[in-house]
Amino acid sequence: MAADGGSSSLQLPCVFSPKSRQFLALCAQDGRLRIWNTDSKTLHQEYVPSAHLSATCTCIAWGPCRTVKEGPQRKKRKSEAVQVEEKADLLAMGTAAGTVLIYSTAKGALHCTLDGAHSGGVNCVQWHPEESLLYSGSDDTNIVEWDLQTGKTRSKWKADRAAVTSLCVSPDGKLLLSAGHIIKMWDLDTKEVYRKFTGHSTAVTTLRFATTRPPDSNGLYFLSGAAHDRLLSVWQVREDGKDKNSVVSFTLTDEPQHIDLVTSNSKEEAVRLAVVCKDGQLHLFEHFLNGPCKKPLSPSCTVQMSDTKESPMPIPLLAAVLGADTRTVMLAYGSHLQPVMEKVEINTAERHVCLTRDVQTTLSLSMETTVSKVKTPIVNAKSKVLVPGLPGHQAPLKGTSQGSEKRKKDTDTKEMSIAERLGEIDLSTISEKGASKGTASLQTDNFAVLLVQGLESNDTSILNKVFQTRKEMVIKKTVARLPLSAVLPLVEELTKRLQGHPFTAVLMVRWLKAVLMHHTSYLASLPDLVTQLGVLYHMIESRVKMFHKLTKLHGKLYLLMTQMATSDSSKMVSDVDHTAKLVYEDESSDEDEASGDEGLPDEDSDHWEEDEAVEEAMTEDNQEESEDEDPDSRTESKANGEEDMEHENESEEE
Amino acid sequence: MASFKPTKIQVYPKLGEKVTQDTLYWKNYKAPVQIKEFGAVTSIDFSPVTPHNFAVTAFTRIHIYGPFSQEPVKSFTRFKDTAYCGRFRSDGQLLVAGCEDSVVRLFDVSGKVALRLFKGHTKAVHLTDFTSDRYQILTGSDDYTCRLWDIPNATELTTYREHTDYIRCGVTSKLNRDLFITGSYDHTVKLFDARVEKSVITMDHGQPVESVLLYPSEGLLVSAGGRHVKVWDLLKGGQPLVSLKNHHKTVTSLALSSNGQRLLSASLDRHVKVYSTTNYKVVHNFDYAASILSLALAPDDESIVVGMTNSILSIKHRKNQEDSKEIAGQQRRRPSYRVFVKGKNYVPKQDDYLVSKPVKQHLAKYDKQLRRFNVSKALDTALETWIRFRKPEITVAVIKELDRRGTLQNALAGRNEQGLSQLLNFLIRNLVDARFTPVLVTAAEMILDIYQSVIGQSPVVDRQLLRLQDLVEKEIDYQKDLLEVLGMLDTMFASSLPRKEVPCSGIGKSNGLTQGEPSTSKPQLQVT
C-alpha cells in the first residue's frame, strides 16, 4: 500500500496490507517473503521465490482488496458494497532480474509470474486502484502496464532517460506519476506526459498522492521523497501549469523509508502523515494542504524506540501506518527477519516520544502501551507478540507452497550445491564476525583445518605455513583438534621433514611430540603401529647414533671458541691470562697489541717465546699421538684418541 | 700386480620425494606461457584435427589459439553475455558454445557470425557438445533440461527433464551417436540413450557434479564434484569403482593424458593432480597461482593448458627431445655410436674359442691420485666445487678412504686459509646430514687438532668455526629432543605389543644413552 522505494539496495521492502492492515509483507535479507499477521502477531506465510538469491525482491505492493471467495482466475475486483468479505489477497513483487511475481496470500502460493518485458531490475510496482492492472518501473527506463487477466503486457513506454525509480497511480486511476531523472505525470488514457516536475537532485524513492483529485484541479497535491534527502516535498498540480517548485516541504531526520498518509475528507480535517526514516525514527505530521508555505514544516510528533538495557540502544522502526482515529499508530519494528508489530496510542501533544521495548529476551509482552515518556511497557494479557529468538520459526508455515517443499528436499540431500552454499555465506560470515573478537582457540581451529587440507592435497605451501608456527600452545591445540584420520598422514609428513637441517627439524620435533602426546591411545591401538612408525623410529635411531661423538666435538669446539673469546677480551688486561695463550701466533697478536697497547713491548716479546714453546709442545704431542695411532687398527685408536682428547679438554677446562 | 680398487662410493637412499618415471615425464615441460584473458577461463577444448588449435572460453569471448601462438588466431565475440563451453566438432570445422542468455550458437571455425542459433532453453546453457554422428548437438542448461538439436534445421529433437538442478557438465559418446552423459548439481550423473525416452543409468555422485569424462574405451566414466573424483564402471551398470579425495577444494576439471595411462584433475585449491589409472595413486602434482577452472591436454601431451579464476591462461609446452639432443651434439663431438657398439652384438657360436680381454679400468681423478698416494691432492679433487655441492657423497667417500688408510691427517694438514675455509664450509653443509656424520665428525676433530694453533688468526676461519659450533649445538639439542621422542615411541611400542617383540629392539644399545638394557620399559620411562 505504502509507496516503497526499492532503488536503494539497503532498503528492504516492507508493506502493510491496505484497508484493514491485517498483514505485513516483508522481504528480508535472505530473499524470502514473509507475511505476518498483525492481529495475532504470528508468521502467516513464508514464501521463497525460486530465484531468491539471484533475483532478489526489490519492491512489494499489495493489490487492491478483493473477496476471497472469488476464484483465483477471475481477478475482477468486487464492488465496494461487500466490504465485509474483502480481504487483501494479491501481492506484487518486483525482482532485480526484471520479473514481477504475483503472490496470492489466499492460496499461499505463487499466482503467476510476469516476465519478458523488462531487461533491467524492477524498481517499483503499483496497482491500479480500479482495474486489474499493474504498473512496473525498471532500470531499463521503461514503464510497463501489465494486464493481470491475461498476464501479458498491455503497453510499454519509455519514461525517462534514467532508470525509473518510483511510481504512483492517482486514487482515481487517471494519472500516473513516475520518477526517473525528473518526475513526470502521465495521463494513463493517452500515455502522454501531462506535467513535469524538477527539484530533486538524487533518485526519487517515494511518490504519493496526497489528495484525491478534487473538482477544481488546483487542489491536487502529491509528495515526493528522494535518496539522501531529508526533505519530503509536496507538489501542487495547478491548472495554469505554474507548478515548477514544490509548495511545502517536511523536514525529516533521514531519508524516508516508509510513508503512510490519511487524506482529508473535508476542509476542516488536516492531512495526516506518518514517515518512517532510515534511522528508524517515526515522524508524524498534520498539515492543511492549501497552497504554498515557505518554511519547511517540522514534525508534530517524533517517535523513537529503545530497548531496556542499561545503555539503551535504539530499535529501528520499519514501518508505521496511521489508524482510523488520530492517536493510534500501527508500528512494525525490530529486525526484518522477525519484526514485531504493535498498535500503540501516541500522545501527539508531546513532541518527542520514546518507547522502550525489550525485544531481546521477552517471549510475550504487552502491546497496548499508552503513552510517551513511559519507560516500562504496560502488559496487556490479550495480546502476544513474536520476538526474535531462535532462528527458524515456531509459527507453522501455512500452506504447501513450492518454496517450503523445495527447502525440505534440500535438507534431505547429503551436501549442498554451490548455490546453496553461496546463500549461506552471508550468514556464516556474519556469525564469524560476531565471534571474531574471541579467542586464540578459533585461530588454532583454523590451523587444524588448514593442516588437514594441506595433508589431503599435499600442498607444500600450506604445510610450510602451518609447520612454521613456533607457539607451543598453537601446536598443541592444533594437534588436539586434528581428526584421527589425519594423524597418520601427519606423522608421515613429519617423518619426511625430520630428516632436514636441525634448524627446521627442531620445529618438527615439537609437532611430533604433540602428536604422540595427544594421540597416544589412538596410535597405541593401531594394529600395525610398528610398521606405521617403523620408518620414523629407524630414522631417529640412525640420527641419534652420533650423539655421543657430536657432543664431544661440541665440547671441543666450545673450549676452543671460549678460549679465543676470553683471550680476545683479556688481551690488554692481566698477566695471569698470558699463560693460557696457547693458540696465538706472532703476527696477529703483534698487530693487535700494536694497535691495542704499545706501552709494553718487552713483556710481550718474552711471553711470545713461552707461547711458542708451549705450542710446539702441543703440536709435538699431537703428532706423536697420531704417529702412535697410525699403525694400529684405525677404529680402536680413534676412540682412544678421542677419549684422550676429551680428557685433555676437560683438564684444560678445569 | 693386484689391481687398484677404486674408492667405493656408498649409495645412500635418497631423501625426500622419489624421482619416478612420472615425475621425470611431467617435469619435462617448459616454463608456462601466461596469457591474460578477459574473464575467468571456464572452458578449454582442443581441436581433434591437426594442428590442434584450442578454443578458450572466457567471459563473453571464445578465443582460438594455435599450438604455439601467443595471440589468438581467431576470436568469436558476438555473445550478448558470458559464453560457456566452446567445443569443437570431431572434424574441427564447427564450434558450438552456450551462453548465459540461454541461446546456443554454432560457429564455423573460419567464419565470424553464428551459423545457427538454437533457442529454446530458458536459462544459461553451460553444456554443449556434438554427437558422434556430427549432425546433432547436445545441450544442458540451468533450467534443469538437456536437449538434443538437429544442426541442419536448428530444431529441437528431444528434451530430457530428469535432472532436478542445474546441468553443468556432460559428454557425448565418441563411439555411439545416441549415447550421452550429463552431470548435474542435483548430485547425479545420468547416462541417456537418445533412442529411449528416459535415462538408462543414474549414478549418485554425492556432491554437485562439476565435470565428467569418458575413457576412450567408454567402459569407464570419471565424475568430479565436491572434493571427490569418482570412477564408475558403465559396463556393470554404473558401479562405483574408485573414489579419490586428493584435493581440499572443489574439483573443477578432468582430463586424460593422451594414451589414457594418466588421469588429471584440477581443482579450486590451485593444484593439478596426476593419477595413474592402474592403481589410482597420485603420481605427480602441479601447483598453479590461482584457483583452476578448466584444464586440457593437447594430443600426445604436447602441452598442458590451464584456465584460472584470475583470468590467466597458462600454457606449458613439452620440452622437445630433439632440442636437447642438438644442444648436446653441439657441445662435444664424439665418435659415432656405431663405433662403440661395433661387434658387440656378435653372439659367440658353440665352437668359438673365447679370449677374454682385460677390461681397461677407468678411474676417476681422485682415484688416480689416491693410487699415487697423493692424498692431499685427492682430497682437493674431491673438494672441487662441483663435486662438493652436487655429490657430497663422493667427497665423504674419499675422506672415509683416507681415514681407512690412516692418511687423513696428512691430507687435511698443510692448508692455507682458503683451503681450510673450504673444508670448514663443507663440514658446515654436511656435518648434520645423518648419512655423513660418522665420517665427518672424525674429520672435524682432526681438523681442530691440526689447526688448533692457528685459530684466531683468520677472521674467516673463526667465523666458520663459530658457525660450526652453533650448528653442532643445534644438532645436539635436536637429538636430545629426538631421544625423548624415541623414549615415547618405546613406551608406545611396549604398551601396544605385549605379546610380540618389537622388531627394532636393538634400541637399547644403539641410542647411546640407555645402557644396553634389553628390556625396554625401564629406560623409556626415564626418558619420557
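Keep in mind the model is a prediction, meaning the values are calculated, not measured. Chain naming here is simple, since letters A, B, ... match the order of the sequence lines and numbering starts at 1 in each.
Panel note: side chain B:D143, backbone B:T122; a donor-acceptor pair is recorded below 3.5 Å. For B:S291 (side chain) and B:R270 (main-chain N/O), no donor-acceptor pair under 3.5 Å exists by modelled atom type. Between the side chain of B:S458 and the backbone N or O of B:V460, at least one donor-acceptor pair lies under 3.5 Å.
If you measure heavy-atom distances from A:L498 to chain B, the contacts under 4.5 Å come from both the backbone and the side chain. Proximity to chain B is absent for every atom of A:M508, based on heavy atoms less than 4.5 angstrom apart. Heavy atoms closer than 4.5 Å to chain B are found in the side chain of A:L512, but not in its backbone. Heavy-atom distances place both the backbone and the side chain of B:L468 under 4.5 Å from chain A. With a threshold of 4.5 angstrom between heavy atoms, B:K480 approaches chain A through its backbone and through its side chain. When heavy atoms are compared at a cutoff of 4.5 Å, A:M561 approaches chain B solely by way of its side chain, counted from C-beta outward. Contacts of B:D477 with chain A are absent, with no heavy-atom separation under 4.5 Å from either backbone or side chain. Residue contact with chain A, scored on non-hydrogen atoms closer than 4.5 Å, involves the backbone of B:H247 exclusively. Both the backbone and the side chain of B:D269 come within less than 4.5 Å of a heavy atom of chain A.
Considering only heavy-atom pairs separated by less than 4.5 Å from chain B, the leading option among A:R510, A:R497, A:K513 is A:K513. Ranked by heavy-atom pairs under 4.5 Å with chain A, the first of B:D462, B:L431, B:V282 is B:D462. With chain B as partner, the option from A:I540, A:T460, A:V506 having the largest number of non-hydrogen pairs under 4.5 angstrom is A:I540.
No close placement of the B:Y185 and B:H187 rings is indicated, their centers lying 6.0 Å or farther apart.
Side-chain polar atoms of B:H284 and B:T23 form no donor-acceptor pair below 3.5 angstrom. Between B:H271 and A:D459, the side chains place a donor N or O and an acceptor N or O closer than 3.5 Å (distance only, hydrogens not considered). Side-chain contact of B:Y275 with B:S265: a donor-acceptor pair under 3.5 Å is present, judged by distance alone.
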Q: Kindly indicate, with the supporting measurements, whether the criterion side-chain hydrogen bond (donor to acceptor under 3.5 Å, both in side chains) is fulfilled by B:D490 and A:Y537.
A: CA-CA 9 Å; B:D490 283 345; A:Y537 195 97; 2.4 Å; yes

